[in-house]
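Atoms within each ligand, like the ligands themselves, are counted from 1 in listed order. Computed over heavy atoms, backbone and side chain alike; hydrogens, waters and symmetry mates excluded.
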Amino acid sequence: MCRAGCVRSLTLAVVVVVVVVVVVVVTPPTSSFLSCSEHGAHVTNWTVGGRDVLFLSSKAVLDGSKAIRGGIPLCFPWFGPSTHPDSSLQHGFARVSNWRCVDEQQDGRGLTMELKDSDVDPALLAGYSDSKFVVRYSVKILDGSSLGLEMVVKNVGDVPLPFSLAFHSYFRVAAASVEVRLNATGVRFLDQLSGSEGVNAGGVVEGFGDREIDLVCYGVTNPIDIVTNEGEKRAKSKGTEGGASANATTVVTIDASDGLRDAVVWNPHVAKSKAMADFGDEEYREMVCVESARVETPVVVRAGGEWACSLRLRVFR
Ligand code: BG6
């Protein structure tokens, strides 16, 4: 079990360089702070300019006895309930396994953690008891406003390795004014609350704080923006550096690699918040989960092969 000593904290002081980009009003934050736990290879905190970008519940359990509520849990090698008849484990075993830190940058900017099949409690492996794998996960402060996450899954066995995954990121927000903007129109989605499928014509999810939201969106083109006010809509295209109008404040832009083609948007609202022992009754007002994921079609890594994905979170103010 992971104890408090497992938590590694990294700090980075960044020299402020003000770059003026047309139509973007950005005040570059001055410093970043990163904290990770080997329990679940979990990013527990990331602050930029002294402000928490990620939400960590005041009731999160940090003693390794369960998945940590908040930060960035890893859902792997399945998302949601297990399809294996003997397993009731939600979101896979990665977030409840003890990873090992195998590399830590001397400048304190990041670390790499690793999980092998032999590290996982056999009782949690469900349909994966014949699989041999090594998962390497690197977390790195890229600059004073960006965090980089990279994962490489190696199949070191002799049978194909299928999996789904999600970077189950909890973002700290002012819920009353939040919009999640998917960079696409006509986004297909599954509403996990009703079980119905539909198409989100405008690619915008809103209503946080007013209702429970649990959407799996398919075929999302990154970046995704979490925007905190009702300012002017902005034209987005992959590769734009924020591109916000002067009236819109983008809190976080999520840019995931092509393999992470799905996104899950979740807010528990009142009833589910009360039902979760490790989540405050009112905390649904302070967070939104926007998860970069691969859930519609699983990845299948051939024997001896590997698959990689990456994610960049960037803060604008
Ligand atoms: C989300 C799911 O990813 O995680 C929700 O879409 C689920 O259905 C939520 O309720 C939280 O899951 P857990 O297992 O961390 O309570």
Output the list of atoms in ligand 1 that are nearer than 4.0 Å to some heavy atom of Phe79, sorted by atom number.
-> 3 (O), 6 (O)

Contact atoms of ligand 1, heavy-atom distance to Glu291 under 4.0 Å = 1 (C), 3 (O)

Between Asp143 and Ser145, do the side chains contain an N or O donor and an N or O acceptor separated by less than 3.5 Å?
-> yes

For His91, the ligand 1 atoms with a heavy-atom partner under 4.0 Å come out as 1 (C), 3 (O), 4 (O), 12 (O), 14 (O)

Could you tell me the separation between the CD1 atom of Ile141 and the CZ atom of Arg109, rounded to the nearest 0.5 Å?
-> 7.5 Å

What pairs with Val199 under side-chain contact (heavy atoms from CB on, under 4.5 Å), at least two apart in sequence or on another chain?
-> Arg188

Of His168, Glu212, Gln192, Arg69, the one whose closest heavy atom lies nearest atom 13 (P) of ligand 1 is Arg69

Among Thr112, Asp119, Val135, the one residue meeting side-chain contact (heavy atoms from CB on, under 4.5 Å) with Trp99 | Val135

By number and element, which atoms of ligand 1 are closer than 4.0 Å to a non-hydrogen atom of Asp214?
-> 2 (C), 5 (C), 6 (O), 8 (O)

Out of Arg95, Met276, Gln90, Lys272, who gets a non-hydrogen atom closest to atom 15 (O) of ligand 1?
-> Arg95

Stepwise side-chain hydrogen bond (donor to acceptor under 3.5 Å, both in side chains) test for Thr44 and Ser35 = CA-CA 6 Å; Thr44 49; Ser35 175; 3.1 Å; yes

